[in-house]
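All values below were derived from every heavy atom in this structure, side-chain atoms included, with hydrogens, water molecules and symmetry-related copies excluded.
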Amino acid sequence: MSGQTQRLNVVPTVTVLGVIKARLVGATRGHALLKKKSDALTVQFRQILKKIVSAKESMGDIMKNSAFSLTEAKYVAGENIKHIVLENVQTASLKVRSRQENVAGVKLPKFEYFTEADTKNDLTGLARGGQQVQQCKAAYVKAIEVLVELASLQTSFLTLDEAIKTTNRRVNALENVVKPRLENTIQYIKGELDELEREDFF
């Protein structure tokens with residue numbers, strides 16, 4: 001199976017032998033480069049996986065604290081604190097922007113939050129519960145930071161996973177299909193040329 005069928009259908013000449021040898025050199029070089037790329041992506045993949053695990057572990061506590069601080073604020077400032085806060089806010093103070101990071105030729109999306117304009121709710125809860133409202137705001141800002149980081153990591157994780165699968169498929173194709181086929185073709189051409197030489201000699 002490997003000898004005759006897994007080779008290119010070519011005319012056995014010296015010129016074709018040179019072309020096939022050049023293709024084999026290119027395939028070998030490409031295989032080495034893709035293997036390095038695959039290794040680099042796998043290292044990055046594992047780093048992101050560790051970060052995701054730690055972010056998810058910390059997220060539970062942060063979300064619990066922010067929910068508890070909201071309950072405290074509602075208890076101290078009254079149930080209608082939601083309407084007072086919404087009246088004082090026109091635009092979002094925390095926003096998210098995305099950028100791309102290049103890792104071994106793969107563009108990974110990165111999300112980062114930024115503060116645009118501070119909300120004018122300094123007087124919210126002036127009558128009662130002002131401190132609890134500010135603590136609640138700080139707790140939820142911290143929760144948003146973790147959520148944005150986690151979203152960035154999860155998206156990068158999925159993108160890297162797809163890129164690693166594609167790269168590994170290419171590496172395997174070069175290693176198990178292209179290179180053996182070229183090597184078999186070179187052996188076939190050499191055998192045919194030797195045969196022709198023997199025929200010319202006798």
Side-chain angles (χ1 to χ4, degrees), residues 1-60 94-114 144-202:
M1 184 76 186
S2 64
Q4 293 300 315
T5 55
Q6 278 205 348
R7 65 171 174 79
L8 299 174
N9 194 11
V10 292
V11 180
T13 61
V14 178
T15 312
V16 174
L17 180 65
V19 170
I20 300 294
K21 278 185 177 177
R23 281 177 67 182
L24 181 62
V25 168
T28 309
R29 197 173 292 153
H31 175 263
L33 285 171
L34 281 173
K35 194 89 177 97
K36 283 179 185 173
K37 178 182 177 178
S38 176
D39 293 344
L41 290 177
T42 307
V43 167
Q44 188 74 14
F45 186 75
R46 289 195 179 126
Q47 286 175 354
I48 286 176
L49 190 59
K50 282 180 188 172
K51 286 179 185 173
I52 286 175
V53 169
S54 64
K56 280 189 175 178
E57 283 172 355
S58 66
M59 194 176 84
L94 277 177
K95 293 189 178 180
V96 178
R97 64 175 157 234
S98 67
R99 60 183 176 83
Q100 287 188 330
E101 192 177 78
N102 195 345
V103 176
V106 179
K107 289 182 172 63
L108 297 180
K110 291 277 179 187
F111 302 120
E112 51 189 26
Y113 77 96
F114 63 98
I144 288 171
E145 289 174 22
V146 176
L147 284 171
V148 168
E149 184 192 353
L150 193 59
S152 179
L153 289 170
Q154 292 274 63
T155 315
S156 299
F157 182 80
L158 292 172
T159 310
L160 264 181
D161 187 39
E162 203 59 43
I164 287 170
K165 282 178 188 171
T166 309
T167 307
N168 285 343
R169 272 199 298 271
R170 288 177 181 164
V171 168
N172 290 337
L174 281 170
E175 193 173 335
N176 301 321
V177 178
V178 177
K179 281 173 69 177
R181 190 173 285 173
L182 291 172
E183 284 163 1
N184 290 339
T185 307
I186 288 169
Q187 284 176 351
Y188 162 74
I189 293 172
K190 280 182 178 175
E192 289 293 316
L193 289 174
D194 287 348
E195 190 85 22
L196 283 170
E197 273 183 34
R198 277 196 295 274
E199 281 177 12
D200 289 345
F201 188 68
F202 289 113

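- Going from atom CG of L34 over to atom CG of L41 covers 10.0 Å, rounded to the nearest 0.5 Å.
- Scanning both residues, L193 and P12, for their nearest heavy atoms gives CD2-O, 3.7 Å.
- Taking the charged nitrogens against the carboxylate oxygens, K165 and D161 do have a contact shorter than 4.0 Å, which makes a salt bridge.
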Side chain to side chain contact (heavy atoms under 4.5 Å, CB included) assessment of H31 paired with V171: CA-CA 6 Å; H31 175 263; V171 168; 3.7 Å; yes

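- Remark: R99 pairs with E112 by the side-chain hydrogen bond (donor to acceptor under 3.5 Å, both in side chains) rule, at least two apart or across chains.
- Interatomic distance, CD1 of I20 versus NZ of K190, reported as 12.5 Å (0.5 Å rounding).
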Working for side chain to side chain contact (heavy atoms under 4.5 Å, CB included), residues R23 and V178: CA-CA 10 Å; R23 281 177 67 182; V178 177; over 6 Å; no

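- When every heavy atom of L150 is checked against every heavy atom of I52, the shortest pair comes out as CD1-O, 4.1 Å.
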Evaluation steps, side chain to side chain contact (heavy atoms under 4.5 Å, CB included), between K21 and L17: CA-CA 6 Å; K21 278 185 177 177; L17 180 65; 4.2 Å; yes

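- When all heavy atoms of L24 and K179 are compared, the closest pair comes out as CD1-O, 4.0 Å.
- Under a 3.5 Å cut-off, the side chain of N184 and the backbone N or O of R7 do not form any donor-acceptor pair.
- Of the possible donor and acceptor atoms, one in the side chain of T185 sits under 3.5 Å from a partner among the backbone N and O of L8.
- A distance of 11.0 Å separates CG in L160 from OG1 in T155, rounded to the nearest 0.5 Å.
- Annotation: the span from T167 atom OG1 to K36 atom NZ amounts to 15.0 Å, rounded to 0.5 Å.
- Between L153 and E149, the closest side-chain pair of non-hydrogen atoms falls below 4.5 Å.
- How far CD1 of I48 is from CD of Q154: 10.5 Å, rounded to the nearest 0.5 Å.
- With sequence neighbours excluded, the residues that form a side-chain contact (heavy atoms from CB on, under 4.5 Å) with R46 are T42.
- Summarising the geometry, atom OG belonging to S152 is positioned 9.0 Å from atom NZ belonging to K51; distances are rounded to the nearest 0.5 Å.
- When all heavy atoms of V10 and Y188 are compared, the closest pair comes out as O-CE2, 4.0 Å.
- Residue K35 qualifies as open at atom NZ: its count of foreign heavy atoms under 6.0 Å is 12 or below.
- Contact of the V106 side chain with the E162 side chain is not registered, since no non-hydrogen atoms from C-beta on lie closer than 4.5 Å.
- Closest approach of V148 to Y113, counting heavy atoms only: CG1-N, 4.0 Å.
- Closest of all the heavy-atom pairs between N168 and S38 is OD1-OG, 2.6 Å.
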